[in-house]
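Reading through the structure tokens given below for one structure.
Remember, it's 1-based here, ligands and their atoms both numbered in the order they're listed. This structure is a prediction, so every number in the text was calculated from the model and none was measured. FYI, the numbering just counts along the sequence from 1.
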Amino acid sequence: MTRTPPARHARPLILGFETSCDETAAAVVGGGTHVYSNVVATQHDLHRRYGGVVPEIASRAHLERILPVVREAMREAGVTFDDLDAVAVAHRPGLIGSLLVGTSAAKALAWSRGLRLIGVDHIVAHLHACYLRPDRGTEPGDGGTTRQPKAALGLVVSGGHTSLFLVHGPLDVEVIGRTIDDAVGEAFDKAAVILGLGYPGGPAVDRLAAEGDEHAHDLPVSRLGPDSFDFSFSGLKTALLYKVCGQPLGAGKQFERDGSALSDRERADFAASFQRAAVKALIVKVNRALDRFDTDTLLVGGGVSANSRLRDELDALARARDITVRLPAPEYCLDNAAMIAGLASTRYRAGLFDDWTLSASTRSDVATGRVAV
Ligand code: KG4
Ligand code: ZN
């Protein structure tokens, strides 16, 4: 059957699903970069009282929300299922129960409508988010990472991952560094718990840091070995914990005091000092990689790329080193399905489709070495 999408939509026209963690999301993207709709239902309300994501609650919430979210994405984009070229889904990495909801829903829809199915790696999709833009008319897309003349550097900073890549092409990435313990977003979330701020912690720390003195406390910036591109954030988290709460008592679960004893001023100073150290640890490794590899472009993605201090530092770095730094628009930093549908269009153009055996996986294929995704 020949599909004829409405003239105003770029092709391929793809509906994307994202359910890897605690956002239920669906989006319609054309030509890899034109975002016609981007619907995200967060579950923060459900997980807040636990201070983190509870996997069982997350998968049940995805089940309840996925169909309304898809309907909303289709309605906003002004398309029908018959207009689509493919259905894409983030099938790795993430929480297995959550991934299964999105993967099963995408497969069911693709099978019942006779559409192509495309599985996408969530982490690589965060880098594609740099190329997305809300559709405002008919200008052609730039094709995303396909236009990269030489390898770009890629930095993914999220709640589950902190990785540095060489992006040889949109579907050809090589991991050169990753966290050896906590992800940077996870460290922001833990810092927020220590300081008695809400969940998710990153935005709360970011906001409060603006009011504090970032030199008030000397917190450690991890560098690891002189040639290392890896990251480490657990030392920073522990240093903050001890400075705020004092020494552990007994087995280590109790401390001399807790964050509730802090004044507003003290809390803001800690937030600012923590943020400065966390961002510096990222910038140190980016500079190291730029010294080592011949590249003039840095792609950044993931929830922490919304951080105002990181964005300022990257702006300064772009000017100082005369390179192009591509950051996602704020609405595409956090988990979303537009990045899934966008990256899927590159697979579509390459004829890389999945069959009904596509399975969800907690692990990413891009965890080590150079891989085709
Ligand atoms: O990419 P993302 O939505 O989900 C994962 O794939 O993990 O990233 C979520 C993470 C959370 O840890 C959240 O606290 C952090 O991104 N985050 C921020 C900011 N906004 C979100 N961290 C620092 N500053 C922010 N403005
Ligand atoms: Zn993510």
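- Of all the atoms in ligand 1, the ones that sit under 4.0 Å from a non-hydrogen atom of L334 are 3 (O), 21 (C).
- The name of the N, O or S atom in D335 nearest to the Zn ion (ligand 2) is OD1.
- Geometrically, ligand 1 and G202 share a nitrogen or oxygen pair separated by less than 3.5 Å.
- For the pair F188 and ligand 1, the shortest N or O to N or O distance does not fall below 3.5 Å.
- Close contacts between ligand 1 and A306 involve ligand atoms 26 (N) [criterion: under 4.0 Å to a heavy atom].
- To the nearest 0.5 Å, atoms CG (L153) and CG (D294) are separated by 11.5 Å.
- There is no side-chain donor-acceptor pair under 3.5 Å between D82 and T80.
- Using a 4.0 Å cut-off to heavy atoms of G160, the atoms of ligand 1 that qualify are 7 (O).
- No close placement of the Y50 and Y199 rings is indicated, their centers lying 6.0 Å or farther apart.
- Side-chain atoms of E18 and S20 form a donor-acceptor pair, as typed in the model, at a separation below 3.5 Å.
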Stepwise salt bridge (charged side-chain N to carboxylate O under 4.0 Å, His left out) test for D206 and R309: CA-CA 8 Å; D206 192 354; R309 170 79 201 231; over 6 Å; no

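- Aromatic pair F274/F188: ring centres closer than 6.0 Å.
- Those atoms of ligand 1 that come under 4.0 Å of a heavy atom in H122, given as number and element, are 6 (O).
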Criterion salt bridge (charged side-chain N to carboxylate O under 4.0 Å, His left out) on D315 and R311, from CA distance to verdict: CA-CA 6 Å; D315 266 358; R311 294 177 86 95; over 6 Å; no

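- Backbone and side-chain nitrogen or oxygen atoms of D189 are examined, and one is located within less than 3.5 angstrom of a nitrogen or oxygen of ligand 1.
- The G159 neighbourhood of ligand 1 comprises atoms 5 (C), 7 (O), 8 (O), 9 (C), 10 (C), 12 (O), with distances under 4.0 Å to a heavy atom of that residue.
- Here's the thing with G302: none of its N/O atoms is less than 3.5 angstrom from an N/O atom of ligand 1.
- For ligand 1, one of its N or O atoms has an N or O atom of D206 under 3.5 Å away.
- Judged by distance alone, the side chains of D121 and H91 never bring a donor and an acceptor atom under 3.5 Å apart.
- Between G185 and ligand 1, at least one N/O pair is under 3.5 Å apart.
- Interface of H126 with ligand 1, defined as ligand atoms under 4.0 Å from a residue heavy atom, comprises 1 (O), 6 (O).
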